Protein chains: 2
Amino acid sequence: MTGGRVTRRAVSSTDVARLAGVSQSAVSRTFSAAGGVSAPTRARVLEAAAALGYRPNRIPAIMQSGRSHMVGVVVGGLDNPFYAAVLDHFAVALRALGLQVLLVRVDDALALDGALEQLAGYRVDAAVTALAVGSRAAAEALSALRVPTVCFNSRLTGPWISTVRSNNRAAGRQAAALLAARGVRAAGWLAGPRESAAARERGRGFAEGVAARGLAPPVAIAGDDSHAGGYDAMRRLLRARQPPEGLFCGNDLMACGAIDALRDAGLSVPGDVLVIGYDNIPQAGWRAYDLTSFDQQVERMAGAALEMLTAALADPSNAAMGRTRAVAARLVERGSTGAAAGDAGSDDAGGDDAGGGDAGATGDDAGADRAGKARRAQEVGDRPA
Amino acid sequence: MTGGRVTRRAVSSTDVARLAGVSQSAVSRTFSAAGGVSAPTRARVLEAAAALGYRPNRIPAIMQSGRSHMVGVVVGGLDNPFYAAVLDHFAVALRALGLQVLLVRVDDALALDGALEQLAGYRVDAAVTALAVGSRAAAEALSALRVPTVCFNSRLTGPWISTVRSNNRAAGRQAAALLAARGVRAAGWLAGPRESAAARERGRGFAEGVAARGLAPPVAIAGDDSHAGGYDAMRRLLRARQPPEGLFCGNDLMACGAIDALRDAGLSVPGDVLVIGYDNIPQAGWRAYDLTSFDQQVERMAGAALEMLTAALADPSNAAMGRTRAVAARLVERGSTGAAAGDAGSDDAGGDDAGGGDAGATGDDAGADRAGKARRAQEVGDRPA
DNA sequence: TTGTACGCGTTATCAG
DNA sequence: CTGATAACGCGTACAA
């Protein structure tokens, strides 16, 4: 006998077998779906199991099959309703598939590969992350783990990394088009933290759109993706100069903060300043903000991610990974850009075209912008370059 | 040879050992903290491991030790920022303790025992749930799992169940006291779903507090803990009758919805109606709502839960469970009850009537709210009753 | 320091 | 239908 000191040993199938006077295999078969067990045996096993409070242990099966039925999910701070929504969707969908969620909450994209390395130790079957892969080095580190991973808004892919992308850049252009159509001549850009590639793309598209209309480059101010960050950034701007006539924000949290700062300063939204956000978090639809925003369509992005995930799970040869799929962000116009209340922006999109995806390639965003209900049809429909 | 068809077999320590020309134990020792390995051996092992992309597998250790270092966390819908905050705290804290989070997102408390049963199969070392245990039957089912479980706001405990409670009822009474002190004579209670014991306690305390001041019992309307639910409930109420002068809501989401409905109807908060929420979600602090609320002090509740959890983890005899700890909810006064911006404190002694405006249907102008700046600065800074 | 052997709890295979 | 047995990959006493 070796085995170190036993800590809190749980009831095992062997214990049940002993009590029931049957073999351990019989117990196993009783609790597995395809059980070839006679009724009497089954009854005796169940009785013994109940008496002992036996619960089948799923851990050994992981060891043998190499499949844990656990999926790692990596998200940023859940005080951001966007991340919370992403996680919520995955948690529900994965549970419906009979998969467990092993959650890792990280502070920023830099911690991503560390988090996944940790998950790899638990032999998760796959991983999803709401954070983009930051660097090529990180992508290689991830690929070394040989865990099929699906990212949101990552430009980098690899043999084990797929990505679901939103058309951030095109959305930025569309935001510029909308503001210009509303008569805005001086635009502002409330940027997110520099690490976020997605936010950078939005700002880039916005700058392009602004330039395309012959307007001055947007004033750029920096926030940190939080409400407080947006509030503070706007306060700083207002102290230094006049506000822009139209503001595009890297996300909705900052947009709400900016709106609060503007109103605190006695300005009106949309009377004095038009504001557009990104993410379409629930709060954007609340009357007090009524914020025009881009809906990333979390359900569809999550759905696309899940499809790639399940494909990877079903096919160990991993042919399904290394792909990119695009889901178009949908403009939802609300009062903060002067739309009448109770309006929705674009509607059913054709979007969701599966990009054939190759690695790297800074390529542009796919997905056509739509003018939606063509409410006031000024050219909101700015085709992708 | 038996062993079924091998599915995606990962690199094992045996593979590394073979390549490095050492024993499997040498590999194990190299990767374990207390490794008695010579430098040359270590180097060869690491080289081989790198070449093969070996990652230690933590699953077998779970089997042997019976400890998974995973903690099950059960939460409700993450569209509620309160649940998101709870989860965020646990995710960060557990990670700091070197524990993994196995997440289960359930729709309601009824699904709780099913969720924990599922977690039990993965041999989680412990579980935390933001949902209360609903019935004694559920409590017994949970205890049968022999997984140390910490609940939030559950009245039921058991040998394996501890709970961290907020003083819901006292908070309800305090809410009534505050409203009365502000001159409210007609009170309303916006209830949450009936399943929530915590919400019921709040309503009960509120009714007691209202009665203690000789006022008529509060008008009760029912929401579903969501923003939309609060909005709709308030709309229904406004269609049927005059609004109460002061409204206490089962949670902040409904409170924000109610405020939106009131303003949509041309009423002012706090001009015409005072509103108090519960949870102190981030949005309650946003200027557009400036909502007085009760802070459950998630950090402290989570901290208390973690203490009980780690105690249970350290002591297999389970002496630490079956306990109850209380964390007082803290009233945070803001503009929605007439406090000047940036105020805290509590009620009583307000004397000063000036209750809600005349509630004369429609009357007021729409946008003139906000201006939370002490628009009616009745004495706010008093000590708790 | 290093290698050998065993066991954790289960599933899958094979013989009865 | 049932029982015996070999893995799964790792830690860990024990022997060398």
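Here is how names work: the chains are called A, B, and so on, in the same order as the sequence lines, proteins then strands, and each is numbered from 1. Keep in mind that what you see is a predicted model, and the values were worked out from it rather than measured.
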Remember a base hit wins even if backbone is also touched, and classify Tyr54(B) as base, sugar-phosphate or nothing at under 4.0 Å, heavy atoms. sugar-phosphate

How long is the line joining CZ of Arg18(B) and P of dG3(C), in whole Å? 15 Å

Expressed as a whole number of angstroms, how long is the span from Leu52(A):CG to dG9(C):P? 13 Å

Can you tell me the distance, in whole Å, between the OH atom of Tyr122(A) and the P atom of dC8(D)? 23 Å

Go through the structure and list residues passing side chain to side chain contact (heavy atoms under 4.5 Å, CB included) with Glu117(A), not counting sequence neighbours. Leu145(A), Arg55(B)

Result for 5'-nearest mapping on DNA chain C, choosing between Val11(A) and Val22(B), is Val22(B)

Contact class for Arg58(B) (heavy atom, under 4.0 Å): base, sugar-phosphate, or nothing? nothing

Counting side-chain heavy atoms from C-beta on, which of dC10(D), dT2(D), dT2(C) comes nearest to Arg123(A)? dC10(D)

List in chain and number order the residues that pass side chain to side chain contact (heavy atoms under 4.5 Å, CB included) with Asp15(B), two or more places apart in sequence or in another chain; answer none if no residue qualifies. Arg9(B), Val11(B), Ser12(B), Arg18(B), Leu52(B)

Figure out the CD1/P separation between Ile59(B) and dG9(C), and round it to whole Å. 15 Å

With both pairing distances under 3.5 angstrom for Watson-Crick or G-U wobble, and | for a partner in another strand, the correct string for DNA chain C is |.||||||||||||||

Please list every donor-acceptor pair under 3.5 Å in which a side-chain atom of residues 98-106 of chain B meets a protein atom from a residue at least two apart or in another chain.
residue: Gln100(B); atom: NE2; partner: Gln118(A); partner atom: OE1; Å: 2.6
residue: Arg105(B); atom: NE; partner: Asp88(A); partner atom: OD1; Å: 2.7
residue: Arg105(B); atom: NH1; partner: Asp107(B); partner atom: OD1; Å: 2.6
residue: Arg105(B); atom: NH2; partner: Asp88(A); partner atom: OD2; Å: 3.1

Among dC10(D), dG3(C), dT13(C), the nucleotide that comes nearest once only the side chain of Pro60(B) is considered: dC10(D)

Give the rounded distance in Å between these two atoms: CD1 of Ile62(A) and P of dC8(C). 18 Å

Side chain of Ser25(A) only, heavy atoms from C-beta on: which candidate in dA12(C), dG3(C), dC10(D) is closest? dA12(C)

Taking atom P of dC8(C) as reference, at what distance in whole Å does atom CZ of Arg67(B) sit? 19 Å

His69(A) NE2 to dT10(C) P, in whole Å, measures 16 Å

Heavy atoms only, 4.0 Å cut-off, all strands: where does Ala26(A) land among base, sugar-phosphate and nothing? sugar-phosphate

Interatomic distance where CE belongs to Met63(B) and P belongs to dT11(C) [whole Å]: 12 Å

Would you indicate what Val37(B) reaches in the nucleic acid, counting non-hydrogen atoms under 4.0 angstrom: base, sugar-phosphate, or nothing? sugar-phosphate

Proximity to the side chain of Asn57(B) - top-ranked nucleotide from dT1(C), dC8(D), dC10(D): dC10(D)

Would you please confirm or rule out a distance under 4.0 Å between OP1 or OP2 of dG11(D) and any side-chain N or O of Ser32(B)? no

5'-most contact on DNA chain C: Ser23(B) or Ser28(A), nearest heavy atom basis? Ser23(B)

So does Ser68(A) get a backbone contact from the side chain of Asp125(A), meaning a donor-acceptor N/O pair under 3.5 Å? yes

Measure from the side chain of Gln64(A), starting at C-beta and using heavy atoms only, and say which of dT10(C), dC8(C), dA13(D) lies closest. dT10(C)

What closest approach, in Å, do Gly72(B) and Leu119(B) show between heavy atoms, and which atom pair accounts for it? CA-CD1, 3.7 Å

Side chain of Gln24(A), heavy atoms from C-beta onward: which of dT10(C), dC10(D), dT1(C) has the nearest atom to it? dT10(C)

His89(B): side chain to side chain contact (heavy atoms under 4.5 Å, CB included) partners, not counting sequence neighbours: Val298(B), Glu299(B), Ala302(B)

With sequence neighbours excluded, residues passing side chain to side chain contact (heavy atoms under 4.5 Å, CB included) with Thr163(B): Cys151(B), Ser154(B), Thr157(B), Arg165(B), Thr324(B)

Is the Phe152(A) ring parallel, tilted or perpendicular to the Phe90(A) ring (thresholds 30°, 60°)? tilted

